[in-house]
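For reference, the structure is listed below as structure tokens.
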Amino acid sequence: MASRTKSVPEPRLIFEKTRKGRIGCNLPEADTPEVDLASAVGRQRTAVEWPEVSELELLRHFTNLSHLNYGIETGFYPLGSCTMKYNPKINERTAGLSGFAMLHPLQPESTVPGALEVIAGVHDFLKEITGFDEISMQPVAGAHGELTCLMLVKAYHESRGQGDSRRVVLVPDSAHGTNPASAARCGYEVRTIPTDAQGDCDLEALERALDDSVAAFMVTNPSTLGLFERSIAKICEMVHAAGGQVFCDGANMNAMVGTTRPGDHGFDCMHLNLHKTFSTPHGGGGPGCGAIGVKSHLEPFLPAPVLKRDEDGAPKFDRARPLSVGRVSSFHGQFLMAVRALTYLLAYGRERLPHISRFAVLNANYVMARLRGHLPPAHDRPCMHECVLTAQEYKKLGVRALDISKRLIDHGFHPPTNYFPLIVPEALMIEPTETECKETLDAFCDALIAICEEAKVNPEALRAAPESQIVGRLDEAAAVKNLDVKWTRMRTGVPV
Ligand SMILES: Cc1ncc(COP(=O)(O)O)c(C=O)c1O
């Protein structure tokens with residue numbers, strides 16, 4: 001699956017370090033009778049093989065493995081669309097406070113007023129930042145937020161007797177793959193709307209697609225091309241005139257925080273990736289938070305229960321929700337994400353929140369301007385929080401966007417997103433985020449420029465990159481298609 005590089009020795013698996021009888025922990029004598037676990041739980045006994053190593057060997061093994069990791073805390077991580085910003089450590093300190101971390105989800109509401117205040121505090125901020133009337137923090141990922149919004153849209157059309165007739169969801173050709181997937185999962189037929197030559201939604205194509213079968217249009221703003229959708233108000237008007245709803249994929253909210261509000265653009269609902277914009281940890285599809293915001297006409301359908309403030313401002317769960325789509329996650333979503341997001345929001349403070357989007361946009365435009373002569377932007381106009389460049393001209397030298405990205409690893413940088421959005425040939429999508437300084441951006445741009453120069457004289461070197469890592473070029477398709485993460489003796493050449 002991977003080509004090996006010579007300079008770096010391959011780490012051995014913990015099982016390969018096993019020596020019979022070595023032990024890494026010191027357990028006290030059992031003071032209760034021994035129980036055969038397998039028979040106690042009604043399972044057949046199977047031999048489980050444990051690695052046998054000393055405590056120090058174990059510690060070194062995992063410490064050395066951890067040094068092979070690359071993350072935002074080791075270097076620049078410009079993965080476009082993913083907003084890999086630095087999550088301040090204070091977030092973890094507050095989330096670790098025992099008053100939050102040790103709460104039990106089944107504790108009576110009357111014993112957790114502080115926790116409810118945290119959730120309501122995030123709701124207050126998000127309403128103000130997005131311009132929506134109500135928030136739910138039940139969805140645990142961005143895609144889950146998309147799905148939940150579409151469930152609300154469906155319930156809304158059903159309440160108006162149009163549930164069966166409105167069966168189509170429109171999605172731009174630049175959209176993230178989760179958009180059509182969410183629509184299909186919700187039972188909708190997906191139709192694609194093309195992007196025009198300037199990188200905006202093709203309004204004529206949209207006009208042709210709009211009829212009384214359309215339930216919703218899912219729009220990412222700024223789009224995945226890193227461009228603000230200039231006709232967004234018009235788009236919302238057009239969709240509404242046809243009786244449809246407009247969903248905002250808010251994964252790119254980092255470009256808008258404190259500057260402009262999707263709720264004011266005409267959207268009916270949106271999702272937010274708290275793990276992108278509001279500095280909570282990323283987690284593959286969760287445990288994150290894909291909070292959603294809705295306008296008041298969709299409020300009755302929100303996942304139950306809904307946290308609202310009473311006349312005195314105290315947060316209380318509203319459970320009498322006859323039109324609700326029901327729960328979309330257990331309890332109230334990922335509560336500790338709310339703690340982290342509120343910490344982040346309070347640490348910034350209302351006045352400084354616009355700094356997020358201003359510096360995110362400034363940094364992306366700086367990178368785009370520095371690289372323009374080597375990797376031209378897919379659409380030559382000011383970008384928002386990320387820029388999409390094309391490496392198409394290097395293709396004739398036999399060098400592709402992926403080769404450039406792999407060479408970046410040898411320069412000590414994490415590659416940007418490749419080949420997304422799909423409509424840009426040889427796309428390199430760079431999202432620097434607001435937390436990077438000019439020196440880092442310059443070093444990154446210098447590395448990319450050096451790689452582009454190298455492509456002209458030594459394209460083979462790029463195709464062979466990376467050469468500085470524990471593994472060389474990975475066969476990424478095989479890694480996805482033949483996923484096998486289980487250790488067996490077979491792997492080390494000894495049959496099981
Ligand atoms: C534009 C866009 N929409 C939606 C998503 C889905 O978010 P999540 O990964 O949290 O499910 C992403 C994730 O990268 C995205 O970039």
Side-chain angles (χ1 to χ4, degrees), residues 72 77-85 87 126 130 136-151 169-186 190 192-193 195 199 201 216-229 232 246-257 262 267 269-293 328-329 333-334 337 340-341 360 364 383-388 414-424 427-433:
I72 189 74
Y77 210 131
L79 208 55
S81 210
C82 291
T83 315
M84 305 299 282
K85 67 164 84 178
N87 297 345
L126 296 185
T130 61
S136 167
M137 289 178 64
Q138 275 197 30
V140 294
H144 195 194
E146 294 169 25
L147 177 70
T148 308
C149 280
L150 289 177
M151 286 163 69
V169 165
L170 306 176
V171 179
D173 56 1
S174 58
H176 192 262
T178 49
N179 286 193
S182 298
R185 184 71 187 82
C186 207
V190 178
T192 307
I193 302 298
T195 300
C201 169
F217 187 24
M218 302 178 84
V219 185
T220 308
N221 199 28
S223 69
T224 62
L225 292 160
L227 303 175
F228 193 84
E229 193 63 66
I232 194 60
V246 199
F247 161 81
C248 177
D249 179 323
N252 295 340
M253 192 65 203
N254 220 44
M256 301 195 285
V257 179
F267 285 103
C269 51
M270 83 178 293
H271 92 266
L272 294 156
N273 301 67
L274 292 201
H275 48 284
K276 295 185 180 182
T277 314
F278 299 104
S279 104
T280 68
H282 279 61
C289 179
I292 59 167
V328 295
S329 68
Q334 306 284 3
M337 295 297 141
R340 290 179 173 96
C383 65
M384 295 287 108
H385 63 304
E386 62 197 0
C387 55
V388 178
H414 193 284
T417 297
N418 282 224
Y419 304 115
F420 178 64
L422 302 175
I423 54 172
V424 174
L428 287 167
M429 182 192 223
I430 301 170
E431 181 176 4
T433 80

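First listed ligand is number 1; within each ligand, the first listed atom is number 1.
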Note: Leu79 and Pro416 closest approach over all heavy atoms is CD1-C, 3.8 Å
Which class fits the ring pair Phe247 and His271: parallel under 30°, tilted 30 to 60°, perpendicular over 60°?
parallel
Nearest non-hydrogen contact with atom 8 (P) of ligand 1 belongs to which option: Gly288, Cys82, Gly142?
Gly142
Tell me whether ligand 1 is touched by His275 - counting only heavy atoms on the residue side and a distance under 4.0 Å.
yes
In ligand 1, which numbered atoms sit nearer than 4.0 Å to a non-hydrogen atom of Asn273?
7 (O), 8 (P), 10 (O)
Classify the contact between Ala251 and ligand 1 as side chain, backbone, both or neither, using a heavy-atom distance cut-off of under 4.0 Å.
side chain
Using modelled atom types and a 3.5 Å cut-off, is there a donor and acceptor pairing between side-chain atoms of Thr280 and backbone atoms of His275?
yes
Classify the contact between Lys276 and ligand 1 as side chain, backbone, both or neither, using a heavy-atom distance cut-off of under 4.0 Å.
side chain
Looking at CE of Met253 and NE2 of His385, how far apart are the two atoms once the value is rounded to the nearest 0.5 Å?
11.0 Å
Please enumerate all residues that pass ring pair (Phe, Tyr, Trp, His ring centres under 6.0 Å) together with His176, with sequence neighbours excluded.
Phe420
Any idea which atoms of ligand 1 are less than 4.0 Å away from a heavy-atom of Ala143?
6 (C), 7 (O), 8 (P), 11 (O)
State, with a plain yes or no, whether a side-chain heavy atom of Val328 is found less than 4.5 Å away from one of Met151.
yes
Can you list the residues that meet the side-chain hydrogen bond (donor to acceptor under 3.5 Å, both in side chains) rule with Lys85, with sequence neighbours excluded?
Asn254, Tyr344, Glu434
Would Glu146 count as a contact residue for ligand 1, given that I'm defining contact as a non-hydrogen atom of the residue lying under 4.0 Å from a ligand atom?
yes
Evaluate Thr224 for polar contact with ligand 1, using N/O atom pairs at a separation under 3.5 Å.
no
Which of the ligand 1 atoms, numbered from 1, are nearer than 4.0 Å to a heavy atom of Ser81
1 (C), 14 (O), 15 (C), 16 (O)
